Amino acid sequence: MGIAQREVSVAGTLCRLMSVGLVGLSLGVAPAAAAPGDIPVTANAGMGTGDIGTSDAAPSGARATGGIDGAGNAAVPLTTPLPPAAAAPAAPAYAPRAAAPASVGSPVRGGVDSAGDSPASAPVQAPAAAQANPATPAQPAPAQAATPAPAPQPQVAANPLAPVSEAIAALLATPEAITTSKKEQEALATFYGARQTMPVFVTDTGLDARGKAVIARLDAAGEDGLDPADYQVPLPKKGAAAADLARTELKIAVAAMTYARHAQSGRFDPGRISSLVTPVRDIPDPTATLTKIAYAPDANAALAAFNPPHPGYKALKAQLARANGSAPTVPAIPPGPQVKPGASDPRMPTLRARLGVAGRPGDDLVYDPALVEAVKAFQEASKIKPTGILGPATLAALNVGATSGGGSLRNDVIANMERWRWLPRALGEKYVMVNIPEFMVRINQDGRVIHETRVVVGKPETPTPLLTRDMQYIVVNPAWNIPPSIARNEMMPLLRSDPSALARRGIQVVRNGSGGYSFRQDPGERNALGRIKFMFPNDHSVYLHDTPSKALFQNDRRAYSHGCVRVYEPLKFGEVIFNMGLPGDTWSEQRISKMFGGSERYINLKQRFPVHIVYFNAFVDGAGRLVMREDLYGINAATKTHLGLDGKQRIADGAPPKTTPRAR
C-alpha cells in the first residue's frame, strides 16, 4: 500500500472513530516523505489526560497518552502518586479536552471513573484562527509530535484513622503510662510498630467489631473463674477525641494480654505457695497474643481459647456455672457415732440433702436402702470401701468443702480450676498423672485412662512435690540412697539410740570424702523402695516405686511417705509402663518379676512420656459428680488466699505467701 493510500486509510479510520465519539481530537498527518513507522498520535483518543507511557501494543513511534494502556489495563491507583509530566515546549494544534474533576468518593484512575466508564466527550473546539476569520479555510497543521498536557496530580482522600494512629505513636513514646510490665511494653512497641501504629480495636468514632468482641470476652471472664475487674477498660464516649481513642486502643491491648496470661498460666507464680510447688507452665508470648487476636476470625473465641483445653478443667467449669446459677449449699453433716443400714439417726435428713435422696414420709430418720445405695456410690467414687456404713472416713469425705452456708464450694472449684492452668497445654499422647489428694495414679493414652491404681503419697510434714517431668528409665532391684534430710532427721537419732537398728534393716553407714556420713540400703525384700522404681529425674529426688508396706494401701487416707509416691500392685503398673516406653517388645508381669533378685538393673525407655504430679481436691468423676477431697497440704487454701477468694485482700505479685506447706 502506498503512502497516499495509507494516509487515506488512517484518515478514514479516524473519521469513523470521531463519528461515534471515540476520538475527540484531530490527527496531524505526516508529510508524504515520512517513514511508514513515524506517524505520530497527537491527541488523547478520548481516554482522559493521564500519561502512562508508551504502550507495548502501539507501533514504533506511537505514544498512548490516555488512562488505559495498550493492553487495556487501568492506570496506577491514586494511592500511588504519579510522576509530574514534563513541560510542553509548544502548545498543541488543538488543546486537549479538560479532564473531569476527581471526587473524594469516586477516585479517577487515568481518565476512567470508579465504575470503569470513560468521561463524557467534550465538543471539539475550532482553531483560534478559524474562529477569527470564518471565510478563511482551515489550513492543515504541520505534522509534529504532540506534547501532552501535564497530568493532574491524583487526589488522595485523607485517612480518618491518621489522628488516632498519631496519638498511639505519641502514647507509645512513654509506654510506662499504659502498663508497668516491661514485656507488655515491648509487645506494644513491636506489634504496633509493625502496623505503623494503626489501631486494631477502635475506629475514628469508637470501638470496632473486633474491639467489641474482645470487651465481651473480658466481661465474661467470670465464666472461667477469672475476675472481670482485672480486665476493665474505660470505654470512649461518643465523639471522643483521637487521644482518648488511642488510649482505649492500648488499654484493650493490655487487658487482652493480661487475660491471655491469666487464662493460660494462672494469676500468680505457684512457687510462692511453696518451694515444692514446681509445675511447668506455658506462659503465652504477649506479642503473639496480640497478633492472634488481631487476625483471628473471632476475637472473642481467640481469647477464650487461652483457657486450659483439658477435659478436667472443662468439667469444673461446668460445675462453676451451676454454682453461679443456683448458689447451691453443701450442708455439713454433724459428727456422731457410726451408722449402719436400717438404723435411725437424727442426721439422716442432712445426709439425704447432701446426697439428694428423698425420704419416705414419717421415715426420714431411717437409714433406708435407697440412702444406703447412695452412700455406697459416694464411697466408691471417693475410693472408700463401699460398705454402706456411715463411719468417720465417709463422714470426713462428705464434709470436705462444706460450710454452714455452703459458700466455699464455688471458691474451691475456682481454686482447682486455677491449678489446671499450671499444667502444660499438651499433657502428652501418653502420660502418667498422680493426684495427691485423691491418692490415685492413672496412665493415659490417646485421651483415655488405660490403667489406674492406688498410691501412698507424702505426709503433710514431708509433702509430695508438684511437678512435670519425663519418665526416662526403670530400676529393678533398686538400692535406696537415703536423702540427707531423712538421714539427719531419722537415721542419726535411730543410730544413737540403738547402734544395731540400722544393720537389722540392711542399712549401711558409709563415710564419704567430705568427712560426713551417707546411708544406703541394699536391694532386697526389706528395701524401702521395694523391687522396682520408676524414674523421672527431678530436683526433688522423688519417684514412683514399690514398697514392702503393702497394708497401707487398704487405708482411705494414704499419706505416709517421705515425699515419693508408692504404687499399689507395681507389677501391673510396670507392665503398662514397659509396653508404653518400649513399644514392639512384649512385657508382662511374669517377665518383669523374673528380673527380681540380685543387683540393680537399669532399663532405659525408648519412648519417654511425661509424669504430672498434681493437686486437685475438687474434681469431677467419671459419673459426672463433683468430688471434694481433704486439702492435705493446705495448697487449696493457699491458692484461695493468693486469689483473694477467702475474703481477704488478694496478695500482690511478689508478696510472701501466707500459707505454706512444710518442706521435706
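Quick caveat, the model's predicted, so the values are computed rather than measured.
- Remark: Q607 pairs with K430 by the side-chain hydrogen bond (donor to acceptor under 3.5 Å, both in side chains) rule, at least two apart or across chains.
- By the 6.0 Å contact criterion, NZ on K385 is open, its count of non-hydrogen atoms from other residues, nucleotides or ligands being 12 or less.
- Residues satisfying the salt bridge (charged side-chain N to carboxylate O under 4.0 Å, His left out) test with R442, not counting sequence neighbours, are E438, E452.
- In this structure, a donor-acceptor pair under 3.5 Å is absent between the side chains of R425 and N307.
- F609 is linked by a ring-ring contact (aromatic ring centres under 6.0 Å, His included) to nothing, counting only residues two or more places apart in sequence or in another chain.
- Atom-to-atom distance recorded for L398:CG and R354:CZ is 5.5 Å, nearest 0.5 angstrom.
- The main-chain N or O of A393 is never found under 3.5 Å from a side-chain atom of D556 such that the two would form a donor-acceptor pair.
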Applying salt bridge (charged side-chain N to carboxylate O under 4.0 Å, His left out) to E589 and K594, what does each step give before you reach the verdict? CA-CA 9 Å; E589 295 181 52; K594 288 180 180 179; over 6 Å; no
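- A donor-acceptor pair under 3.5 Å is formed between the side chain of S561 and the backbone N or O of G458.
- With sequence neighbours left out, the side-chain hydrogen bond (donor to acceptor under 3.5 Å, both in side chains) criterion links E380 to no other residue.
- For R591, the CZ atom is densely surrounded, since the number of other residues' heavy atoms within 6.0 Å is greater than 12.
- Counting only residues at least two apart or on different chains, the salt bridge (Lys or Arg N to Asp or Glu O under 4.0 Å) pairs with a member in residues 567-582 are E569-K572.
- With sequence neighbours left out, the ring-ring contact (aromatic ring centres under 6.0 Å, His included) criterion links Y313 to no other residue.
- When every heavy atom of M257 is checked against every heavy atom of P286, the shortest pair comes out as SD-CB, 3.5 Å.
- Counting all heavy atoms, side chain and backbone alike, I603 lies closest to R601 at CD1-O, 3.9 Å.
- For the pair R454 and Y568, the cation-pi criterion (under 6.0 Å, within 45° of the ring axis) is fulfilled.
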Could you walk me through whether W422 and V277 pass the side chain to side chain contact (heavy atoms under 4.5 Å, CB included) check? CA-CA 10 Å; W422 300 353; V277 181; 3.8 Å; yes
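- The salt bridge (Lys or Arg N to Asp or Glu O under 4.0 Å) pairs that include a residue from residues 606-628 are D621-R625, where partners are two or more places apart or lie in different chains.
- Y259 meets the ring-ring contact (aromatic ring centres under 6.0 Å, His included) test with Y231; sequence neighbours excluded.
- At distances below 3.5 Å, at least one donor-acceptor pair connects side-chain atoms of D631 with backbone N or O atoms of N636.
- Considering only residues two or more places apart in sequence or on other chains, D470 meets the salt bridge (charged side-chain N to carboxylate O under 4.0 Å, His left out) condition with none of them.
- No hydrogens or angles considered: nothing links the side chains of Q472 and N604 as a donor-acceptor pair under 3.5 Å.
- Residues Q379 and T394 have side chains that bring a donor and an acceptor to within less than 3.5 angstrom of each other.
- Counted by atom type alone, N416 and Y615 present zero donor-acceptor pairs between their side chains at under 3.5 Å.
- Annotation: E429, atom CD; neighbour count of heavy atoms from other residues, nucleotides and ligands within 6.0 Å does not exceed 12.
- Using cut-offs of 30° and 60° on the angle between ring planes, the pair W420 and H310 is tilted.
- The salt bridge (Lys or Arg N to Asp or Glu O under 4.0 Å) contacts involving residues 632-642 comprise D412-K640, where partners must be two or more places apart or lie in separate chains.
- Only one option out of R267, R421, K317, K314 pairs with D224 in a salt bridge (Lys or Arg N to Asp or Glu O under 4.0 Å); it is K317.
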Side chain to side chain contact (heavy atoms under 4.5 Å, CB included) for I450 and V576? Distances and angles first, verdict last. CA-CA 8 Å; I450 61 174; V576 181; 3.7 Å; yes
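- Aromatic ring centres of H612 and Y431: separated by under 6.0 Å.
- Between the side chains of T278 and H540, a donor-acceptor pair is found at a separation under 3.5 Å.
- A donor-acceptor pair under 3.5 Å links the side-chain atoms of T464 to the main chain of G563, judged by distance alone.
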For L582 and W587, what are the C-alpha separation, side-chain angles and deciding distance, and is it a side chain to side chain contact (heavy atoms under 4.5 Å, CB included)? CA-CA 9 Å; L582 296 168; W587 289 90; 3.7 Å; yes
Could you walk me through whether Y560 and N555 pass the side-chain hydrogen bond (donor to acceptor under 3.5 Å, both in side chains) check? CA-CA 11 Å; Y560 301 105; N555 298 334; 2.8 Å; yes
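- Among residues two or more places apart in sequence or in another chain, the ring-ring contact (aromatic ring centres under 6.0 Å, His included) test is passed with F306 by none.
- Residue pairs meeting the side chain to side chain donor-acceptor pair (under 3.5 Å) criterion with at least one partner in residues 524-534, sequence neighbours excluded, are absent.
- Within the 4.5 Å cutoff, no side-chain heavy atoms of L427 are placed close to those of N444.
- S181 places a side-chain N or O within 3.5 Å of a backbone atom of E184 that can act as its donor or acceptor partner.
- Checking side-chain atoms of R558 against main-chain N and O of F439 turns up a donor-acceptor pair under 3.5 Å.
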Tell me, with the steps shown, if D522 and Q508 meet side-chain hydrogen bond (donor to acceptor under 3.5 Å, both in side chains). CA-CA 8 Å; D522 289 333; Q508 301 175 359; 2.7 Å; yes
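- Between F519 and W480, the gap from one ring centroid to the other reaches at least 6.0 Å.
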Worked verdict on I389 versus V375 for side chain to side chain contact (heavy atoms under 4.5 Å, CB included): CA-CA 8 Å; I389 298 174; V375 169; over 6 Å; no
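- In this structure, K550 places its NZ atom where more than 12 heavy-atom neighbours from other residues, nucleotides or ligands lie under 6.0 Å away.
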